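One structure is given here, and the rest of the page talks about it.
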2 protein chains.
Amino acid sequence: MKSVQDIVTEIQDAGLKVTPQRVAVIQALYKLNHPRAEEIYKEVSQNIPGLSPTTVYNVLDALVEKDIIKRVKTEKGVMRYDAVPDHHHHMYCITTDRVEDFFDPELDNLLQNYFEKKQLKGFKLEDIKLQLMGKFE
Amino acid sequence: MKSVQDIVTEIQDAGLKVTPQRVAVIQALYKLNHPRAEEIYKEVSQNIPGLSPTTVYNVLDALVEKDIIKRVKTEKGVMRYDAVPDHHHHMYCITTDRVEDFFDPELDNLLQNYFEKKQLKGFKLEDIKLQLMGKFE
DNA sequence: TTTCAATTTGTAATAAATACAATTTAATAA
DNA sequence: TTATTAAATTGTATTTATTACAAATTGAAA
């Protein structure tokens, strides 16, 4: 979780204007777990009445563009978002749509070493993301 | 690439009726590269005039359900499909929407060993998929 | 405090996917 | 081979997610 000040600084550093909508969207992303745009809209609307759904999409696009947040790949035709931009992986529940972050520097090392030896011809590898599929207990 | 006979057998074994639409959708999946439903519709329509878009969605759902094909996770709010149901990973192009299959049994072993030692508390791991992000050259 | 580009809003449009009733068809058994 | 029937396809209408865009508002620099 980030303080409001951290969020403000983050937005400023990206060269974006600090608006209540942007701050609130980022806060909602921390509160909710990998939410869809519509869930964010509902959440943020409580603090910012009159909020437009379009704004949520605009804000999300701008924040993704600046690497302040990330999109989460899913098997549903709905986009979801992740407050954490730092390198990490995801655990996906097979039965529900729950998604959790997964940090593992040791594994990242292992993979990096593996792919340094193993050359992928015709593909310049820049990032590796794991999808851990399973069930939460 | 699978022969028509292989495709027919595959559909039968799954307990589904063999229809021209289903066979053609699977063939289109091999011809196209991780296509969206709409691309499949266009392709298959050439062979099956009067094809309904709804049918494409129905067929895709049924085939995914029976593990004959797979959905591909993307960062766009559009579903894409994969003709290959066997365990494999994906290479994603950062700049375009190109996706390629990636098979690597050695890596699969490495990962399996790693996660046998490393217990994930609260999560029963069933499958690991890598997303290799980068650029095709 | 003014200025202005950036941002938000609101409405409308588009795109992707789904619901569902009517029609057709694949596969089984007579 | 034909009759039967559950499964599959079709066509239309909706829903849901997202985007387009012009007008109004606002954050931040001068």
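Values below: every heavy atom of this structure, side chains too, minus hydrogens, waters and symmetry copies. So you know, we letter chains A, B, ... as the sequences are listed, proteins then strands, and number each from 1. This structure is a prediction, so every number in the text was calculated from the model and none was measured.
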Side chain of [X] only, please: which of [options] is the nearest?
X: A/Val59; options: C/dA27, D/dT9, C/dT8; value: C/dT8
X: A/Pro20; options: D/dG27, C/dT7, C/dA17; value: D/dG27
X: A/Ala37; options: D/dA8, D/dT18, C/dA27; value: D/dT18
X: A/Lys17; options: C/dA16, D/dG11, C/dA6; value: C/dA6

Would you tell me whether A/Asp104 and B/Tyr114 have side-chain atoms, one donor and one acceptor, within less than 3.5 Å of each other? yes
Just the rounded figure in Å: distance from [atom2] of [N] to [atom1] of [X].
X: A/Leu51; N: D/dT26; atom1: CG; atom2: P; answer: 14 Å
X: B/Met79; N: C/dA15; atom1: CE; atom2: P; answer: 18 Å
X: A/Tyr41; N: D/dT18; atom1: OH; atom2: C1'; answer: 15 Å
X: A/Arg22; N: D/dT26; atom1: CZ; atom2: P; answer: 15 Å
X: A/Arg36; N: D/dT18; atom1: CZ; atom2: C1'; answer: 13 Å
X: A/Arg71; N: D/dA17; atom1: CZ; atom2: P; answer: 16 Å
X: A/Glu38; N: D/dT16; atom1: CD; atom2: C1'; answer: 9 Å
X: A/Glu65; N: C/dT7; atom1: CD; atom2: P; answer: 11 Å

With A/Pro35 as partner, the option from A/Leu29, A/Val99, A/Asp82, A/Val72 fulfilling side chain to side chain contact (heavy atoms under 4.5 Å, CB included) is A/Leu29
Has A/Arg36 got its NZ or CZ under 6.0 Å from the middle of the six-membered ring of A/Tyr81, at an angle within 45 degrees of the ring axis? no
For B/Phe102, is the NZ or CZ atom of B/Lys129 found under 6.0 angstrom from the centre of its six-membered ring and inside 45 degrees of the ring axis? no
Using a heavy-atom cut-off of under 4.0 Å over every strand shown, decide if B/Thr55 touches base, sugar-phosphate, or nothing. base
Hey, which sits more toward the 5' end of DNA chain C by its nearest nucleotide, A/Thr19 or B/Asn58? A/Thr19
More 5' along DNA chain C: B/Val78 or A/Pro49, using each one's nearest nucleotide? A/Pro49
So, does A/Tyr57 get its side chain near the phosphate of D/dT19, meaning an N or O under 4.0 Å from OP1 or OP2? no
Can you find a side chain N or O atom of B/Gln21 that sits less than 4.0 Å from OP1 or OP2 on C/dT25? no
Non-hydrogen side-chain atoms of A/Gln27 and A/Val4 separated by less than 4.5 Å: yes
Considering only heavy atoms and no angle criterion, is a donor-acceptor pair shorter than 3.5 Å present between the side chain of A/Thr54 and the base of D/dA20? yes
Starting at the 5' end of DNA chain D and moving along, which residue's nearest nucleotide shows up first, B/Ile48 or A/Asp61? B/Ile48
